[in-house]
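Worksheet for the structure shown next.
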There are 2 protein chains.
Amino acid sequence: MEKARTTLRLQDVAEQAGVSIATASRSLSGATGVSPSVAERVREVARQMGYVANLHARSLAAGTSRSVGLVVHEIGDPYFAEIASGVLRVGAREGLTVQICHSGRDPERELDQIRMLVANRVGAVVIAGSGFVDPAMQAAARADLQAYRRNGGRVAVIGRHHLGVDAVVPDNIKGGRAVAEHVLGLGHRSIAVATGSRELTTIADRLTGVAEAFAAAGIDFDRVPIIEAAFTRDGGKAAAEEILTRHRDVTAVLAMNDDMAIGILSTLRSHGVSVPDQISVSGFDDVAVAQDLSPSLTTVRLPMVEMGESALELALKEPAARPRRQRAAHQLVVRGSTAPPPA
Amino acid sequence: MEKARTTLRLQDVAEQAGVSIATASRSLSGATGVSPSVAERVREVARQMGYVANLHARSLAAGTSRSVGLVVHEIGDPYFAEIASGVLRVGAREGLTVQICHSGRDPERELDQIRMLVANRVGAVVIAGSGFVDPAMQAAARADLQAYRRNGGRVAVIGRHHLGVDAVVPDNIKGGRAVAEHVLGLGHRSIAVATGSRELTTIADRLTGVAEAFAAAGIDFDRVPIIEAAFTRDGGKAAAEEILTRHRDVTAVLAMNDDMAIGILSTLRSHGVSVPDQISVSGFDDVAVAQDLSPSLTTVRLPMVEMGESALELALKEPAARPRRQRAAHQLVVRGSTAPPPA
DNA sequence: AGAGTACCCGAAAGCGCTTACGAAAGCGCT
DNA sequence: AGCGCTTTCGTAAGCGCTTTCGGGTACTCT
């Protein structure tokens with residue numbers, strides 16, 4: 001008794017259409033070298049039979065696979081989920097399947113996942129927020145990725161740029177400038193800045209952007225009160241207390257992240273200061289709650305979805321001699337916590 | 001001149017280790033029939049050479065692929081992102097790669113994606129929130145999935161259960177019972193319920209659960225004020241107004257979703273009613289803001305991550321004759337908006 | 001010591017597809 | 001009619017792996 005064949009092969013289609021496997025293959029893959037009439041007939045037969053090609057066989061034979069990989073720390077994190085969304089979008093547009101894996105913030109796992117993707121012969125790998133800080137691990141990752149690239153693989157990272165590959169990085173300077181320009185544009189001139197430790201490049205960059213905006217507005221940034229506190233809600237509360245006691249003339253506070261801004265809002269409210277009527281407050285990051293606060297928080301956000309899109313697009317491009325770096329600009333999200341200063 | 005081979009094959013490892021390809025394959029795949037010492041040596045050689053198996057070739061030869069597919073409407077949606085997280089977790093645990101695709105709430109696209117996954121010969125497909133409502137589309141999807149299953153493919157869906165396959169569905173009844181029991185357990189006896197239209201099964205189920213809890217506590221559910229309004233914040237506000245005017249003795253309000261609960265909180269506050277000191281409020285769903293409200297909202301949530309895990313586990317199990325249905329119980333999240341009734 | 005058994009290992013046949021390569025056929029030209 | 005050219009299609013050789021099958025060794029038992 002013949003073994004029941006459940007899935008049909010290209011050969012079945014070929015037989016049915018009365019052509020050779022080669023012709024069938026060419027017809028279906030849209031390759032040249034087959035007359036239009038025959039090709040169309042084969043396609044029609046395939047469609048009627050409900051034939052679906054075995055992509056493993058195809059990839060193996062062709063040596064390339066129409067698939068890409070994405071490594072994220074944790075897809076449940078909205079940050080990464082949006083990046084994934086962007087990657088999935090251009091993947092779908094390009095007819096690529098997307099494999100996603102978790103690294104769980106574990107460099108070891110991250111490297112494993114990258115290797116697994118390479119083993120899967122994906123055409124490109126996008127790495128979101130690489131955690132390779134340990135020099136040895138980083139070197140290992142670099143080596144693997146370079147080898148992968150030599151074999152025709154494409155790589156792009158999001159958020160870090162020390163792996164010697166194309167990268168999409170957030171432009172915190174521009175983001176800082178954006179919020180500052182917004183508040184300055186509203187007419188504020190007595191402004192305080194609430195920030196976390198300036199040792200971190202991210203924060204330092206944001207401040208640089210703010211400073212640029214102030215300079216452009218003709219304000220001496222050295223005279224702007226900069227309150228440094230914990231980069232948390234409590235830090236924001238502390239900063240607000242300080243502003244209320246030592247900088248009574250301030251009409252706007254730029255917080256360098258939303259958490260601080262939320263703490264500031266809360267303290268201002270408990271002190272009976274009305275936002276934005278008396279004092280405007282802005283944040284940075286656009287965390288989920290930002291729009292549900294009252295007043296809702298004016299802030300600045302990274303276009304995560306677009307970053308995911310850019311990353312895959314970047315990876316898919318013709319490889320460049322030197323790693324490219326693409327900056328992603330924050331988008332200003334104007335909400336209820338900012339308004340012109342009191343008259 | 002020899003063509004430069006960049007990726008190493010199993011044969012390279014075999015030669016280097018001085019064994020045949022067959023032995024090398026067995027050693028690496030952990031199959032039986034090779035002495036431990038040889039197997040270990042081969043593995044060591046492979047590791048040193050940095051060999052990674054070509055999974056396409058492996059899948060093709062073995063006829064099975066260590067990969068699964070997940071179809072979601074939109075991975076950027078936190079709901080689906082958490083499901084994906086669960087799927088990714090058990091995928092990683094089982095050594096499976098996971099392909100994710102968007103359906104974008106478009107049944108046509110959804111079917112396409114399923115077909116693509118099948119073409120990729122994934123071992124299992126998890127469909128989150130299928131959008132097949134149109135009978136024709138649904139029939140097509142059913143047919144495809146059944147064919148896929150006949151070929152050994154596994155399928156599970158999350159949230160809907162009309163595709164004739166294993167499903168993980170939310171147990172809204174149990175969820176309703178959970179919140180109600182919590183509030184009853186706090187000692188409340190004069191309770192109002194705020195709900196949306198009871199025509200929707202989801203809502204009806206939640207109410208059923210609530211009713212069960214009341215019955216168990218010996219309370220006549222028919223005498224409980226049930227305020228039906230829009231299933232939104234505004235609906236919540238309307239409900240709260242009604243409770244304040246017509247049911248002044250109420251000490252707790254069970255809202256059948258968080259949006260209504262938020263509206264209720266807002267109205268109670270503006271009327272100077274303190275939550276939870278005077279009135280306790282509970283929600284349903286655990287939307288993101290729930291924990292950021294003040295008071296933070298006691299609610300009930302679906303364990304999305306676990307649902308994702310269950311779905312894949314269910315799909316991976318030995319197929320059953322009849323589709324299985326696994327109910328996912330909401331988890332009570334006790335926060336600041338509920339407390340014992342005023343003395 | 002001889003035969004039987006258990007255990008390793010290698011040769012080789014595919015898995016379903018792509019893609020040289022060559023054969024056949026059709027064309028215009030001399 | 002015969003030549004060279006182009007176009008179309010089939011034959012067959014892999015892609016890198018798994019797995020069946022059979023041969024070879026080493027070991028045990030009588």
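Residue numbers start from 1 in every chain, and the chains themselves are labelled A, B, ... in the order their sequence lines are given, proteins ahead of strands. On a predicted model such as this, the values are computed, not experimentally measured, just so you know.
- Residues satisfying the side-chain hydrogen bond (donor to acceptor under 3.5 Å, both in side chains) criterion with E318(A), sequence neighbours excluded, are absent altogether.
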Which pairs, protein N/O on one side and nucleotides 18-21 of chain D N/O on the other, fall under 3.5 Å?
from, atom 1, to, atom 2, distance (Å)
dT18(D), OP1, R58(B), NE, 2.8
dT18(D), OP1, R58(B), NH2, 3.3
dT18(D), OP2, S25(B), OG, 2.4
dT20(D), O4, R26(B), NH1, 3.4

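- Residue D166(A) is tested with R149(A), R324(A), K317(A) for a salt bridge (Lys or Arg N to Asp or Glu O under 4.0 Å); the sole match is R324(A).
- Only at 4.0 angstrom or more do the heavy atoms of residues 33-40 of chain B sit from any atom of DNA chain D, so none qualifies.
- Between the NE2 atom of H56(B) and the C1' atom of dC17(D) there is a distance of 13 Å, rounded to whole Å.
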Task: Pairing string, 5' to 3', for DNA chain C - Watson-Crick or wobble contacts under 3.5 Å, brackets [ ] where pairs cross, | to another strand - done: ||||||||||||||||||||||||||||||
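- Within the structure, every side-chain polar atom (N or O) of Y51(A) is placed at least 4.0 Å from both OP1 and OP2 of dG16(C).
- No donor-acceptor distance shorter than 3.5 angstrom exists from the side chain of E94(B) to the backbone of L96(B), with no hydrogens or angles considered.
- Atom CD of E15(A) is separated from atom C1' of dG10(D) by 14 Å (rounded to the nearest Å).
- Using a cut-off of 4.0 Å between Lys/Arg side-chain N and Asp/Glu carboxylate O, R93(B) and E313(B) are scored as salt-bridged.
- Between the side chains of Q99(B) and S67(B), no donor N or O sits under 3.5 Å from an acceptor N or O.
- For L60(A) and dC15(D), the CG to C1' distance is 4 Å, given to the nearest whole Å.
- The residues E44(B) and R47(B) are annotated as salt-bridged, a charged nitrogen and a carboxylate oxygen being separated by less than 4.0 angstrom.
- Evaluated for a side-chain contact (heavy atoms from CB on, under 4.5 Å) with V68(B), the options V126(B), V125(B), V98(B), V90(B) yield exactly one hit, V98(B).
- Across the protein-nucleic acid pair, R9(A) atom CZ and dT18(C) atom P stand 14 Å apart, rounded to whole Å.
- Rounded to whole Å, the distance from CG on L55(B) to C1' on dC17(D) is 10 Å.
- Every residue two or more places apart in sequence or in another chain was checked for a salt bridge (charged side-chain N to carboxylate O under 4.0 Å, His left out) with E108(A), and none qualifies.
- Rounded to a whole Å, the CG atom of L28(A) is 16 Å from the P atom of dG16(C).
- D12(B) has a carboxylate O that lies under 4.0 Å from a charged side-chain N of R9(B), or vice versa, which qualifies the two as a salt bridge.
- Under the rule for a ring-ring contact (aromatic ring centres under 6.0 Å, His included), the partners of F80(B) that lie at least two apart in sequence or sit in another chain are H73(B).
- Rounded to an integer number of Å, the gap from CG of L8(B) to P of dC15(D) is 15 Å.
- Note on D144(A) versus R115(A): salt bridge recorded, some NZ/NE/NH1/NH2 to OD/OE distance being below 4.0 Å.
- Taking atom CG of N120(A) as the reference point, atom P of dG16(D) lies 16 Å away to the nearest angstrom.
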